[in-house]
Number of protein chains: 2
Amino acid sequence: MTLSDTQLEAFDQQGYVFFPDCFCEAEIALLRAEADGILKLDRPEVWREKTGAPRTAFAAHRFSEVFGLLARHPRLVEPLRQLFGEDVYVHQFKLNAKAAFEGDVWQWHQDYGTWARDDGMPEARAMNIAVFLDAVMPINGPLLLIPKSHKQGVFAAGHDKATTSYPLWTLDKETVTRLAQEAESDGGAGIVAPTGKPGSVLMFHGNLVHASPPNITPYPRKIVYLTLCAVSNHITKFTRPEFIAHRDFTPIVPGDDDSLLDYARAHRVAAE
Amino acid sequence: MTLSDTQLEAFDQQGYVFFPDCFCEAEIALLRAEADGILKLDRPEVWREKTGAPRTAFAAHRFSEVFGLLARHPRLVEPLRQLFGEDVYVHQFKLNAKAAFEGDVWQWHQDYGTWARDDGMPEARAMNIAVFLDAVMPINGPLLLIPKSHKQGVFAAGHDKATTSYPLWTLDKETVTRLAQEAESDGGAGIVAPTGKPGSVLMFHGNLVHASPPNITPYPRKIVYLTLCAVSNHITKFTRPEFIAHRDFTPIVPGDDDSLLDYARAHRVAAE
């Protein structure tokens with residue numbers, strides 16, 4: 001899978017590209033079943049909300065064969081190699097649960113702000129790719145993006161260690177308000193919330209300002225975030241646990257496009 | 001304004017009716033300016049979020065001439081007189097701020113659950129009418145309703161005094177999940193979020209289960225909730241402050257349909 005000229009232009013201008021039908025139902029069924037199992041595990045990579053509900057599972061591609069296949073899936077890896085013009089490695093892999101009723105807020109932030117400050121990543125040549133494992137709806141805590149906010153570099157941020165269980169460099173209200181106004185100024189939306197069925201994929205620039213509200217509905221909203229970084233842009237500071245900011249900069253060798261379907265078929269056979 | 005047969009049927013089946021263009025821009029501009037002033041007041045009727053941002057102003061129809069006009073506006077009062085087949089009085093009047101960035105959650109609840117338990121209201125012959133003073137969008141903490149959930153009476157509830165500054169009888173997760181599933185069972189939505197421009201109005205049954213998520217966006221989402229009760233159904237227990245649950249059961253005499261516009265005109269002249 002490669003990005004078209006239209007997609008490349010949209011990404012450059014808006015800071016994100018959305019693919020409504022990237023993975024099929026069979027692939028997502030496999031990933032979702034695996035995710036549900038992982039979120040129940042009691043291990044250091046699985047972080048919880050203040051209520052005890054699962055919040056984030058890190059590095060599942062290291063201990064789950066299924067997520068290992070996803071982390072090197074060509075539909076995710078190829079577009080990033082195309083964008084960065086070089087090989088990429090996995091900087092972070094996380095499964096965000098945004099559990100029904102209990103999934104808490106992620107405050108306004110830029111991903112690269114954290115990668116630069118905490119991990120010493122030289123440039124914003126890394127990016128999050130969000131794979132929807134559940135339907136993402138306006139009501140169940142969708143990702144909110146401020147279009148075009150990736151054009152102004154890294155903003156000042158405060159280190160929020162209080163709001164949720166996960167420390168985050170967050171932007172102040174004045175900056176978020178100004179950026180939304182600027183996004184509106186030429187007739188566009190100040191904030192967009194890409195929503196869609198399971199299997200949709202969202203790629204967004206490391207400097208794109210985003211957040212997600214709590215989920216107060218009965219509908220869980222699991223998303224896998226695969227963070228791929230250009231190999232030449234690897235991190236230089238190791239302040240966070242290895243399972244949060246990886247130190248293995250080996251280039252990904254993309255797998256087969258059918259790898260998840262093949263696994264699902266083999267697994268079904270094995271289970272019978 | 002009276003409800004059509006179609007609207008009456010929708011209300012009976014779904015538990016709510018939405019009017020996208022009930023008040024015009026000039027009327028809303030007047031109400032919004034008044035609301036912004038009221039939310040800054042330091043008086044017992046104005047409650048704040050834990051952060052200090054305004055959350056709710058009660059009984060503004062008693063100390064604001066503009067909101068006094070709204071509380072007896074025929075577009076709000078007449079449909080309720082029609083529905084209940086008798087005169088109505090103001091049981092509660094509140095302006096919910098859902099402030100930009102700081103507006104907090106309202107957990108899942110039924111309004112009549114509180115009116116029955118705390119105020120001794122005999123039957124669910126009272127109703128909230130929501131008047132949107134700002135654009136209500138999917139992203140800025142809209143009201144979430146579970147269609148048809150008004151058909152099963154009052155559910156068991158716990159008295160939540162911890163989540164926000166306003167004590168509320170809230171439903172458990174199992175009940176909310178079941179009701180959303182039931183609403184979905186005949187092909188409808190499990191949860192709806194009526195959204196629309198300022199001036200839209202939403203009427204919903206006293207037993208309709210609803211909630212609203214926090215507002216993490218720069219867009220404020222002010223809504224006036226006018227609670228009208230059939231006069232013969234007046235409350236019998238006075239456990240809450242009078243400005244929260246009124247004890248004056250005098251029937252409303254509806255005002256003039258142009259009352260807000262007339263006020264705006266007169267006010268503008270006076271200001272020159």
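So you know, we letter chains A, B, ... as the sequences are listed, proteins then strands, and number each from 1. Side-chain atoms are counted along with the backbone in the values below, which use heavy atoms only and exclude waters and symmetry mates.
Taking every heavy atom of both residues into account, A:I216 and B:P213 meet most closely at CD1-N, 3.6 Å.
Options B:V192, B:I146, B:I139 differ in how many heavy-atom pairs under 4.5 Å they form with chain A, and the most are formed by B:I139.
Of the atoms belonging to B:V105, it is side-chain heavy atoms, and not backbone ones, that fall under 4.5 Å from chain A. Of the atoms belonging to B:L144, it is side-chain heavy atoms, and not backbone ones, that fall under 4.5 Å from chain A. Both the backbone and the side chain of B:A180 come within less than 4.5 Å of a heavy atom in chain A.
A:I191 has its side chain within reach of B:P218: a pair of non-hydrogen atoms, C-beta onward, lies under 4.5 Å apart.
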Are there donor-acceptor atom pairs under 3.5 Å between chain B and chain A, and if so which?
| from | atom 1 | to | atom 2 | distance (Å) |
| --- | --- | --- | --- | --- |
| B:E102 | OE2 | A:K173 | NZ | 2.6 |
| B:W108 | NE1 | A:I216 | O | 2.6 |
| B:K173 | NZ | A:E102 | OE2 | 2.6 |
| B:E184 | OE2 | A:Y219 | OH | 2.4 |
| B:I216 | O | A:W108 | NE1 | 2.6 |
| B:Y219 | OH | A:E184 | OE2 | 2.4 |

